[in-house]
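A short worksheet on the structure shown next.
FYI, side chains are in, hydrogens and waters are out, and symmetry mates aren't considered; it's all heavy atoms of this structure.
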Number of protein chains: 4
Amino acid sequence: MTQATSAKVTKLNRVERNAWTKQKIFDAATKVVGKYGYAEASVARITEVADVAQGTFYNHFENRQELLDQLLPKIGLDMVHFIRARTGTADEARQEIERFSAFFDFIREVPEFLRILNEAEFFAPAGYQKHFDNISSAYLRILQRARAAGATSTFSDEEFEAIVQVLMGARGYLSRRYSYSEHGVTAVPDHVISAYRKLVTHGLFNVPDEETKS
Amino acid sequence: MTQATSAKVTKLNRVERNAWTKQKIFDAATKVVGKYGYAEASVARITEVADVAQGTFYNHFENRQELLDQLLPKIGLDMVHFIRARTGTADEARQEIERFSAFFDFIREVPEFLRILNEAEFFAPAGYQKHFDNISSAYLRILQRARAAGATSTFSDEEFEAIVQVLMGARGYLSRRYSYSEHGVTAVPDHVISAYRKLVTHGLFNVPDEETKS
Amino acid sequence: MTQATSAKVTKLNRVERNAWTKQKIFDAATKVVGKYGYAEASVARITEVADVAQGTFYNHFENRQELLDQLLPKIGLDMVHFIRARTGTADEARQEIERFSAFFDFIREVPEFLRILNEAEFFAPAGYQKHFDNISSAYLRILQRARAAGATSTFSDEEFEAIVQVLMGARGYLSRRYSYSEHGVTAVPDHVISAYRKLVTHGLFNVPDEETKS
Amino acid sequence: MTQATSAKVTKLNRVERNAWTKQKIFDAATKVVGKYGYAEASVARITEVADVAQGTFYNHFENRQELLDQLLPKIGLDMVHFIRARTGTADEARQEIERFSAFFDFIREVPEFLRILNEAEFFAPAGYQKHFDNISSAYLRILQRARAAGATSTFSDEEFEAIVQVLMGARGYLSRRYSYSEHGVTAVPDHVISAYRKLVTHGLFNVPDEETKS
DNA sequence: TATGAATGAGATTTCATTCAT
DNA sequence: AATGAATGAAATCTCATTCAT
């Protein structure tokens, strides 16, 4: 997916060679950041993994930050497609659980994603912003559509925006807590999924009777 | 709170002077990290703000990291006390909303907290770990007590652990989205609070009838 | 000899420029260590003399120590060649005196050598080790060959190893005592040479008759 | 010998307390330099071992260097006495072997001596100078007396001075090579002693007949 | 377009010495 | 005389970026 085809290098025209070099750098950055984090992703290290000279880097990217900021949005789109493909046509609550599970499946598919996502806020703020805009607007539409279908509790648009943050926060924190391990990324335990399902379907607290109308 | 009293400097004995200097460094670090982030919090900058020599720093802290790792747990305890003081004796759901609101109030009291919290995971992992252990164990006890009082839906201990992550993730992500602004920290909008209340009391989705037993 | 040719700098290709820069650093280090000693040979000072930026240093040497450890063995080889070229085909005792004299001649040729040699044990232990292995194994072979030619008193291989240490110690201590002076390095006095000759040809003490068989 | 009596500290008058503190620092320095070398002998480390405050150091020594420069001469005198006590009344050649052996015995008695001696040249030049003046003048007198007794080959005073350097160089280099080991200081092998004896009694090389008169 | 050596600012840390108490 | 916190200069090393070939 983010893998540069290692096919024949010969017989490429100028444009193709150019794109191929850029892709090599991009893939190298994904690997390096995914494995060692943004802080350790020096231009020297990235270009070494990409097997190009340091100077070559600057023929393709304005500076180090530009590349780092492109990392998350690109993989983020992969994630959206991955999740969409795994979401069925059951009722809305079930679909949300499917999306939730698919998120963790994606993390295992692309182990670099977790680190790239989590660190981006501080090391690639522009990329983080872009990714979050992508995700949250998509998520918001999903919720609005569910509401239109009468499948949700009563939430205003503004409240939905907040809910989107909560749901993304849940994924972010849970993945940090449950997906990291010594070597590689592990599957998320079932009780995490069930806890999430209960929360989004019934809430957390029983409400005393007289308050149920609020 | 984390502010060194700038009262009389004269007439302090050796022990007091020593503590006072350390506190000056600590306060300076809080300010600097809160304003510019850990990455920009060089020892040079911190000691400049603290108005001590760079060498003095190393009389009080083993190294830069040690100080950074102390920052979050210390302020985190302030937060716990702050929230506890603002939590009443109403029903459990209301108390949770009070805690939630109080969290955002605390952020406004100590504007540095937000940045110190959010960046700690990567720049002060030991401190982050300590803080999160503090918070999540306290939170877990709260939920268990509520469950014992029959105030929550049916969750296992393991599920509660996951819920704690979700609730902390909610605070983390919402505060990033709604509390930051150009200059300083703003109050969180009411619809964020109402969205949170609805989620924890009723959940997000209506569940089709035949599923209600699950 | 260890002097970078200051000839045309222009018209060098990349490889040549690279080697030339490294040689400039090397020569600068030789000068600096020779004049001020290892302790004062900071990277800042060396690069200033070499007229390159500090960062350039680390393109050519892993770290400061690596350079320092290369200094002695490199010049040490120059010394070996120098001495070998000055050693004739007279009897073994005379050859040893020639080598001894040539050692002091070399010191005057390369005045930096003395300090680089003497301080290396503590400031560049790896380089010192390498140099001494070079020298002592060569020296040992010389003695063994002389013994095979019946030109020495009766010594075992182990005793020869000790003798090598003594002969090197003699050069080391004598050069410290007689070659240093206010400014620059002076020739060694004749009586030093004659004393050495007498020692290695007749020993120091007359032996009472009854002991001569031991 | 260099050990501060750890007897009653109480009941000392001002002068005694003063001397006792100075001795504590001195002993600590001996230990530290002997074990870790001059370079690692920071004032902080020495005073910590001596169990006094850093500032106290400067009540007894002008500066760090002054102390370091006193170390070697003081222990050097101990060595002279030690060797003298071990030298018998046999013929001069045997006495020299006794002195040589006693030197290595002393090294084992006072293991710190070796390092303090070897590093002094560069880290405590003044102390090194003083020590060497002490030793070499004493040594010179020994040789002159032996010559007066007709026990040596024909050497002039100047040649004797050079010989003294050679003999000291022999001890220095041999001790570095044969006395150091992983932990502690080891006895010198017999073949080192026999090699030395042969050298000083018979010389190293057989001299062709026609040269024997030179 | 690719190369990779050169740059130099900036970061952390050490440590001999001072000095007020 | 003893204390130990404060000082600040100096050292090593990193790394994003430039630029001549």
Side-chain angles (χ1 to χ4, degrees), chain A residues 14-15 17-18 21-22 39-48 51-65 67, chain B residues 10-22 25 39-47 51-65, chain C residues 10-22 39-47 51-65, chain D residues 14-15 17-18 20-22 39-48 51-65 67:
Chain A
R14 210 176 313 173
V15 173
R17 265 195 76 87
N18 202 357
T21 301
K22 184 165 185 174
E40 307 285 307
S42 63
V43 173
R45 197 166 199 170
I46 292 171
T47 51
E48 191 196 327
D51 202 29
V52 300
Q54 264 183 265
T56 303
F57 184 95
Y58 293 88
N59 291 331
H60 298 277
F61 299 93
E62 194 67 34
N63 52 38
R64 174 176 177 267
Q65 200 59 50
L67 166 61
Chain B
T10 49
K11 301 293 180 183
L12 293 179
N13 66 26
R14 194 132 66 179
V15 173
E16 288 167 337
R17 270 194 75 89
N18 198 11
W20 185 65
T21 301
K22 183 165 186 174
I25 295 172
E40 306 289 310
S42 66
V43 173
R45 199 165 199 171
I46 292 170
T47 52
D51 200 30
V52 298
Q54 268 187 246
T56 301
F57 183 94
Y58 293 90
N59 290 333
H60 297 275
F61 300 93
E62 197 71 33
N63 50 41
R64 174 178 177 267
Q65 198 59 49
Chain C
T10 48
K11 302 293 181 185
L12 293 179
N13 66 26
R14 192 131 67 179
V15 172
E16 287 166 338
R17 269 193 77 89
N18 198 10
W20 185 65
T21 300
K22 184 166 186 174
E40 307 289 310
S42 66
V43 173
R45 198 165 199 170
I46 291 171
T47 51
D51 200 30
V52 299
Q54 281 199 44
T56 301
F57 183 95
Y58 293 91
N59 290 333
H60 297 275
F61 299 94
E62 197 71 32
N63 50 41
R64 175 178 175 267
Q65 198 59 50
Chain D
R14 212 177 311 173
V15 174
R17 266 195 75 89
N18 201 357
W20 185 66
T21 300
K22 184 166 186 174
E40 306 286 307
S42 64
V43 173
R45 197 165 197 169
I46 292 170
T47 52
E48 191 195 328
D51 202 28
V52 300
Q54 264 183 265
T56 302
F57 184 95
Y58 292 89
N59 291 330
H60 297 276
F61 299 93
E62 195 67 35
N63 52 38
R64 174 178 177 265
Q65 199 59 50
L67 166 61

Rounded off to whole Å, could you give me the [atom1]-to-[atom2] distance for the [X] and [N] pair?
{"X": "Ile46(B)", "N": "dT13(E)", "atom1": "CD1", "atom2": "C1'", "answer": "14 Å"}
{"X": "Phe61(D)", "N": "dA16(E)", "atom1": "CZ", "atom2": "C1'", "answer": "15 Å"}
{"X": "Asp51(C)", "N": "dA5(E)", "atom1": "CG", "atom2": "P", "answer": "19 Å"}
{"X": "Glu40(C)", "N": "dT12(F)", "atom1": "CD", "atom2": "P", "answer": "11 Å"}
{"X": "Trp20(D)", "N": "dA1(F)", "atom1": "CH2", "atom2": "C1'", "answer": "14 Å"}
{"X": "Glu16(B)", "N": "dA6(F)", "atom1": "CD", "atom2": "P", "answer": "14 Å"}

* **From dT3(E), dA2(E), dA6(F), nucleotide with atom closest to Thr21(B) side chain** => dA6(F)

* Asked: When you measure from the side chain of Val52(D), which nucleotide among dA6(E), dA5(F), dT3(F) comes out closest?
  -> dT3(F)

* Residues two or more places apart in sequence or in another chain: which of them pass side chain to side chain donor-acceptor pair (under 3.5 Å) with Asn63(C)? -> none

* Structure fact -> Those residues at least two apart in sequence (or on a different chain) that pass side chain to side chain donor-acceptor pair (under 3.5 Å) with Asn59(A) are none

side-chain contact (heavy atoms from CB on, under 4.5 Å) partners of [X], counting only residues at least two apart:
{"X": "Glu48(D)", "value": "none"}
{"X": "Ala39(D)", "value": "Phe123(D)"}
{"X": "Ala44(C)", "value": "Ser42(C), Gln54(C)"}

* Asked: In dot-bracket notation, what is the pairing pattern of DNA chain E, taking Watson-Crick (N1-N3 plus N6-O4 or O6-N4) and G-U wobble (N1-O2 and O6-N3) contacts under 3.5 Å, with [ ] crossing and | for other strands?
  -> .||||||||||||||||||||

* First of Thr56(C) and Ala53(B) reached from the 5' end of DNA chain F, by closest nucleotide -> Ala53(B)

* To do: Please work out if Asn59(C) contacts a base, only the sugar-phosphate, or nothing of the nucleic acid, heavy-atom cut-off 4.0 Å.
  => base

Between protein and nucleic acid, restricted to nucleotides 16-19 of chain F and to nitrogen or oxygen atoms under 3.5 Å apart, what atom pairs and distances do you find?
unit_1, atom_1, unit_2, atom_2, d
dA16(F), OP1, Arg64(A), NE, 3.3
dA16(F), OP2, Val43(A), N, 2.9
dT17(F), OP2, Tyr58(A), OH, 3.3
dT17(F), OP2, Arg64(A), N, 3.1
dT17(F), O4, Gln54(A), NE2, 3.1

* Would you please name every residue forming a salt bridge (Lys or Arg N to Asp or Glu O under 4.0 Å) with Glu40(B), sequence neighbours left out? => Arg45(B)

